[in-house]
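My questions will all concern the structure given below.
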Amino acid sequence: MPVAASPRLDSTRRKPVFALVDGNNFYVSCERVFNPALEARPVVVLSNNDGCAVARSAEAKALGIAMGQPWFQIQSMAQSHGLIALSSNYELYADMSNRMMRILADFSPRQEVYSIDECFLDLRGMDVDLTLLAHGMRQRVAQWIGIPVGIGIGESKTLAKLANHLAKKQPQWQGVCDLTTLEESAQDRLMACVDVGDVWGVGRRLKEQLNARGIVTALDLKRADPVIIQRQFSVVLARTVRELQGISCLPLESMVAPRQQIIVSRSFGKPVWYLPELRQAITAHMSRAAEKLRTQASVAQMVQVFIRTSPFSARPFYSQGITLPLAAASDDTRLLVKIAQQGLTRIYRAGYDYQKVGVLLMDIQPKGQGARTDLFHDAQHDRRTDQLMQTLDSINARMGKHTLKLAGEGFVQPWAMKRNRHTPAYTTNIRQLARAWAK
DNA sequence: TCTGGGGTCCTAGGACCC
DNA sequence: TCTGGGGTCCTAGGACCC
């Protein structure tokens with residue numbers, strides 16, 4: 001077998017190169033695709049319950065609206081500045097995300113979908129002009145689905161992130177910043193312009209502590225000694241320092257690992273004090289959680305329930321959670337709901353206005369693979385349960401979410417969240433699309 | 001009046017064992 | 001009655017991300 005002179009082998013030896021591609025103001029951009037009247041106007045997309053702004057158009061950012069700012073604080077700008085606010089439409093964003101990721105996957109054999117609006121691509125050993133390639137990505141995504149994206153390229157994920165940040169902040173890049181084309185001195189000059197708090201992995205707290213030690217810019221952090229950083233902070237931050245130095249420590253993870261915990265929680269549209277309504281919400285949340293669990297072919301052996309009142313209210317605060325084990329790991333909605341309801345009974349206190357409840361599934365294992373079972377385990381019963389859950393999931397997949405559900409979720413849900421500014425599910429629900437056209 | 005939801009990883013500290 | 005240290009496992013809480 002000839003091993004020398006293999007170009008493939010040579011290329012894998014080259015330094016790692018990563019691209020980070022993300023959608024600009026992704027949720028707002030999705031809305032604009034289907035409603036061009038939103039172009040060139042200040043637009044925000046609100047979080048669940050129409051609580052705060054989670055996506056802002058460039059025009060909204062220019063008005064000084066911060067990420068996560070509560071809607072009631074900026075509501076007056078609707079009148080004064082023509083600000084448009086929309087409830088979030090996750091069905092639409094998830095579908096647009098899938099389309100965007102499929103387009104980008106054609107540009108590299110290895111892709112890591114990192115969040116709903118961004119992915120890493122492995123560009124190592126590609127024998128092409130990467131800057132040109134990136135402009136090609138931008139063009140194709142814009143042409144095929146109408147979403148503007150920004151692209152950063154670097155020798156580590158952290159550098160690709162930083163390049164992406166520069167591509168957005170500095171117009172001269174025209175949406176593509178490729179650090180691998182620059183001399184180190186030129187890279188350093190750019191990093192001197194980036195606040196250390198804008199480095200991936202440095203949050204509010206770390207920024208404060210780093211500033212106190214005189215580390216203010218990304219370049220300062222790059223020049224820090226990772227050994228000292230590890231001693232004074234953590235292994236995580238030391239890794240960030242090395243990544244800034246061009247030493248790739250975080251590999252591309254193209255396999256989607258199954259979730260280790262699954263959370264479903266929602267704030268109520270109004271305060272809830274009545275136990276039966278809390279029970280409905282717990283049943284509804286656990287039904288969603290169990291669906292997610294079955295989607296990834298797992299079972300859970302631990303259930304947590306929590307309830308709390310609003311931390312912003314002047315009324316007395318109460319927050320309590322409880323964790324309950326199952327005798328054997330399960331994905332049966334009915335059993336998980338039953339355990340969660342037992343938990344709720346134990347933590348519920350009368351006399352409070354509750355603002356939020358949630359459930360967690362933990363101790364998650366692959367289904368049917370060395371799962372622990374209890375002493376009185378009944379295989380016949382397991383088979384019937386599996387069939388029932390499969391039927392439930394397939395009917396809901398075919399006929400639409402919530403077609404078939406436990407009666408305990410309630411048919412009238414007085415506690416349901418507010419979504420007063422919701423747009424239609426243009427791409428996934430033909431009935432809603434027809435309604436949108438008829439307007 | 002009105003302030004999101006869903007994840008991961010690391011660390012410190014306690015319980016327990018040898 | 002006095003005396004030690006190391007390892008493991010678990011949990012809670014903190015910090016970060018989008």
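Just so you know, these numbers use all the heavy atoms, side chains as well, and skip hydrogens, waters and symmetry mates. The model shown is predicted, which means the values in this text are computed figures rather than measured ones.
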Nearest nucleotide by nearest heavy atom, which residue falls closer to the 5' end of DNA chain B, A:Ile263 or A:Phe312?
->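 The residue closer to the strand's 5' end, by nearest nucleotide, is A:Phe312.
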
Reckon A:Lys292 touches a base, only the sugar-phosphate, or nothing at all at heavy-atom distances under 4.0 Å?
-> sugar-phosphate

Of A:Ala257 and A:Pro271, whose nearest nucleotide on DNA chain B comes first from the 5' end?
->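 Its nucleotide being nearer the 5' end, the pick is A:Pro271.
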
How far does the C1' atom of B:dC17 sit from the matching atom of C:dG4, given to the nearest Å?
-> 14 Å

Does the ring centre of A:Tyr90 sit less than 6.0 Å away from the ring centre of A:Tyr27?
-> yes

What nucleic acid atoms does A:Val113 come within less than 4.0 Å of, heavy atoms only: base, sugar-phosphate, or nothing?
-> nothing

Quick one: label A:Leu46 by what it contacts on the DNA or RNA (base, sugar-phosphate, nothing), any heavy atom closer than 4.0 Å.
-> nothing

Quick check: are there more than 12 heavy atoms from other residues, nucleotides or ligands sitting under 6.0 Å from NZ of A:Lys61?
-> yes

Could you tell me whether A:Ile262 contacts a base, only the sugar-phosphate backbone, or nothing, with contacts defined as non-hydrogen atoms closer than 4.0 Å?
-> sugar-phosphate

Is it true that A:Lys367 and A:Asp386 have a side-chain N and a carboxylate O under 4.0 angstrom from each other?
-> yes

Look at the aromatic rings of A:Trp200 and A:Phe120 and report parallel, tilted or perpendicular, splitting at 30° and 60°.
->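 Aromatic pair A:Trp200/A:Phe120 classed tilted.
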
Could you run through DNA chain B and flag its stems, i.e. three or more consecutive Watson-Crick or G-U pairs with both distances under 3.5 Å?
->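 Consecutive-pair runs (3 or more) involving DNA chain B: B:5-18 with C:5-18.
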
So does A:Arg288 pair up with A:Glu409, basic N to acidic O under 4.0 Å?
-> yes

Output, in order, the C-alpha distance, side-chain angles, deciding distance and verdict of side-chain hydrogen bond (donor to acceptor under 3.5 Å, both in side chains) for A:Asp178 and A:Thr180.
-> CA-CA 5 Å; A:Asp178 181 358; A:Thr180 64; 2.5 Å; yes

Determine the contact category for A:Asp117: base if any of its heavy atoms lies under 4.0 Å from a base atom, sugar-phosphate if only primed atoms, P, OP1 or OP2 are that close, otherwise nothing.
-> sugar-phosphate

At a 4.0 Å cut-off to heavy atoms of chain A, the contacted part of DNA chain B spans B:dC2 to B:dT11

A:Val141 vs A:Leu104, side-chain contact (heavy atoms from CB on, under 4.5 Å): CA-CA, chis, key distance, verdict | CA-CA 8 Å; A:Val141 175; A:Leu104 292 169; 3.9 Å; yes

Which ones in residues 62-96 of chain A lie close to DNA chain C, meaning a heavy atom under 4.0 Å from one of its atoms?
-> none

List the steps, then state whether side-chain contact (heavy atoms from CB on, under 4.5 Å) holds for A:Leu162 with A:Val194.
-> CA-CA 8 Å; A:Leu162 189 127; A:Val194 176; 4.3 Å; yes

Are A:Tyr318 and A:Trp273 close enough that their ring centres sit under 6.0 Å apart?
->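 No, too far apart.
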
Less than 4.0 Å between a side-chain N and a carboxylate O, is that true for A:Arg41 and A:Glu31?
-> no

Crowding at CD, A:Gln139 (>12 non-hydrogen neighbours, <6.0 Å) = no

Using a cut-off of 4.0 Å on non-hydrogen atoms, how would the nucleic acid contact of A:Asn49 be classed: base, sugar-phosphate, or nothing?
-> nothing

